[in-house]
Novice: 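The structure is given below, and queries will be raised subsequently.
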Protein chains: 2
Amino acid sequence: MPTPERTTLPEIVAAGRALLESGGLGRITMQAVAERVGVRAPSLYKRVRDRDALVLLVAEATADDLAGRLAASDRSLASLARAYRAFAHEFPEGFRLLFAVDGAADAMGRAAAPVLEAARTLVGEERALDAARLVTAWATGFLNMELAGAFRLGGDVDEAFEYGLERLEAGLRG
Amino acid sequence: MPTPERTTLPEIVAAGRALLESGGLGRITMQAVAERVGVRAPSLYKRVRDRDALVLLVAEATADDLAGRLAASDRSLASLARAYRAFAHEFPEGFRLLFAVDGAADAMGRAAAPVLEAARTLVGEERALDAARLVTAWATGFLNMELAGAFRLGGDVDEAFEYGLERLEAGLRG
DNA sequence: ACCTGAACACCGTTCAAGT
DNA sequence: ACCTGAACACCGTTCAAGT
């Protein structure tokens with residue numbers, strides 16, 4: 001006699017994302033996720049191989065979410081950078097996870113496609129990849145440091161971001 | 001009757017760093033650290049409040065180590081960036097930890113002092129802080145992505161690093 | 001076909017008892 | 001004064017038994 005399904009994979013991943021933002025990766029326990037979707041921990045193993053696989057799914061869902069935000073911007077380098085930063089502020093733990101978990105690089109590569117295109121129109125085909133890496137690395141590092149509380153020597157952080165963006169574009173125009 | 005000390009805090013931190021590099025943060029267990037220094041896990045609590053405190057000590061020791069490398073370079077922006085990258089390649093897990101653990105930002109701020117000075121000589125007092133943040137963010141993000149395996153669209157990664165450094169300096173000179 | 005309680009291994013942490 | 005075995009809480013994971 002079949003039992004009706006009491007939860008779904010998307011529900012489980014959404015529960016994982018919510019727990020993640022509520023206090024970091026340590027909050028994603030199989031028991032906490034199970035409770036949130038109304039099931040017992042062992043039942044999760046019907047839909048997910050193990051906790052690592054679940055964490056990777058959470059990272060990938062976060063990257064796909066980011067990809068949507070970037071694609072929905074006007075796709076200029078400045079807008080892409082600002083959308084990236086807004087996303088990191090909205091999901092700080094999700095943002096951290098994107099670089100903390102092995103295997104999320106693929107999904108991040110997909111999300112970064114508009115950056116490559118914006119770089120191409122700015123510096124041409126020849127140096128597009130290097131230029132995209134320059135801008136992406138800067139923004140990622142900036143957000144990493146901002147979220148880690150590394151900007152404590154004073155100064156306006158918003159202004160530092162805009163300054164960086166401006167100098168970067170100047171440097172790329174050469 | 002006093003018992004002779006069988007280990008020391010520096011020994012414990014060194015064991016933590018070695019375990020960290022052997023396979024990531026998950027390798028730092030109280031039992032593994034204790035075994036490495038020749039003691040039982042409960043004894044570690046004589047020298048360390050708890051696991052989180054030990055992990056923070058590991059991060060701080062790593063940041064101090066990095067500070068020494070940076071200070072020993074010729075302190076030009078390019079040399080600082082290359083020394084930073086060499087350090088991240090030597091201690092990839094330690095590098096990741098620097099931005100993953102809460103409380104390590106202070107020690108990182110100390111390590112970054114030479115970057116601020118190099119930025120000052122390049123762009124002047126007024127914009128020194130913003131410029132230092134630009135370069136530090138770029139290098140940190142680049143290494144983060146490099147270590148996460150995010151550079152998979154081909155292209156020479158060493159060359160991308162040098163390209164970024166060059167464009168960054170060009171942008172800062174205005 | 002999915003769900004669950006029970007069980008096991010492992011880890012962080014405390015503490016009374018040893019020397 | 002430091003060290004330890006024993007104990008407890010908590011977590012990931014497996015599995016036989018339920019429906």
Novice: To the nearest Å, how far apart are B:L25 CG and C:dC11 C1'?
Specialist: 14 Å
Novice: Side chain of B:M30: nearest nucleotide among D:dC3, D:dG12, C:dT13?
Specialist: C:dT13
Novice: If you look at every strand shown and take non-hydrogen atoms under 4.0 Å, does A:L54 touch a base, only sugar-phosphate, or nothing?
Specialist: nothing
Novice: Between A:R96 and A:E21, is there a side-chain N and carboxylate O pair less than 4.0 Å apart?
Specialist: no
Novice: If you take all heavy atoms of B:A160 and A:D130, which pair is closest and at what distance?
Specialist: CB-OD1, 3.4 Å
Novice: Of the options C:dT13, D:dT13, C:dC3, whose atoms approach the side-chain atoms of B:Y45 most closely?
Specialist: C:dT13
Novice: Stem list for DNA chain C, please, built from Watson-Crick and G-U wobble pairs under 3.5 Å and keeping only runs of at least 3.
Specialist: C:4-8 with D:12-16, C:12-16 with D:4-8
Novice: Which nucleotide, D:dC15, C:dG12, C:dC2, lies nearest any side-chain atom of B:T29?
Specialist: C:dG12
Novice: Which nucleotide sits closest to the side chain of A:S43: D:dT4, C:dC11, C:dT4?
Specialist: C:dT4
Novice: With a 4.0 Å cutoff (strictly under), does any side-chain N or O of B:R40 reach OP1 or OP2 of D:dG5?
Specialist: yes
Novice: Can you check the A:D52 CG to D:dG12 C1' distance for me, whole Å?
Specialist: 10 Å
Novice: In whole Å, what is the span from the CD atom of A:Q31 to the P atom of D:dT13?
Specialist: 11 Å
Novice: According to a strict under-4.0 Å criterion, is A:R51 in side-chain N/O contact with OP1 or OP2 of D:dG12?
Specialist: yes
Novice: Between A:K46 and A:E5, does any NZ, NE, NH1 or NH2 come within less than 4.0 Å of an OD or OE carboxylate oxygen?
Specialist: no
Novice: Touch check for A:R49, heavy atoms < 4.0 angstrom, all strands: base, sugar-phosphate only, or nothing?
Specialist: nothing
Novice: Rounded off to whole Å, could you give me the CD-to-P distance for the B:E35 and C:dC11 pair?
Specialist: 11 Å
Novice: Using the side-chain heavy atoms of B:V39, tell me which of these nucleotides is nearest: D:dC3, D:dA6, D:dT13.
Specialist: D:dC3
Novice: Please name all residues satisfying salt bridge (charged side-chain N to carboxylate O under 4.0 Å, His left out) with A:E11, sequence neighbours left out, ordered by chain then number.
Specialist: none
Novice: Ring centres of A:F87 and A:F95 under 6.0 Å apart?
Specialist: no
Novice: Roughly how many Å is it from CG in A:L44 to P in D:dT13, rounded to a whole number?
Specialist: 10 Å
Novice: How close or far is atom P of C:dC11 from atom CG of B:D50, stated in whole angstroms?
Specialist: 17 Å
Novice: Taking NZ from B:K46 and C1' from D:dA1, how many angstroms apart are they, rounded to a whole number?
Specialist: 7 Å
Novice: Go through the side-chain N and O atoms of A:Y84 and A:T140 and say whether any donor and acceptor fall under 3.5 Å apart.
Specialist: yes
Novice: For the rings on B:F151 and B:F142, is their centre-to-centre separation under 6.0 Å?
Specialist: yes
Novice: Find the distance A:R6:CZ to C:dC2:C1' and express it as a whole number of Å.
Specialist: 8 Å
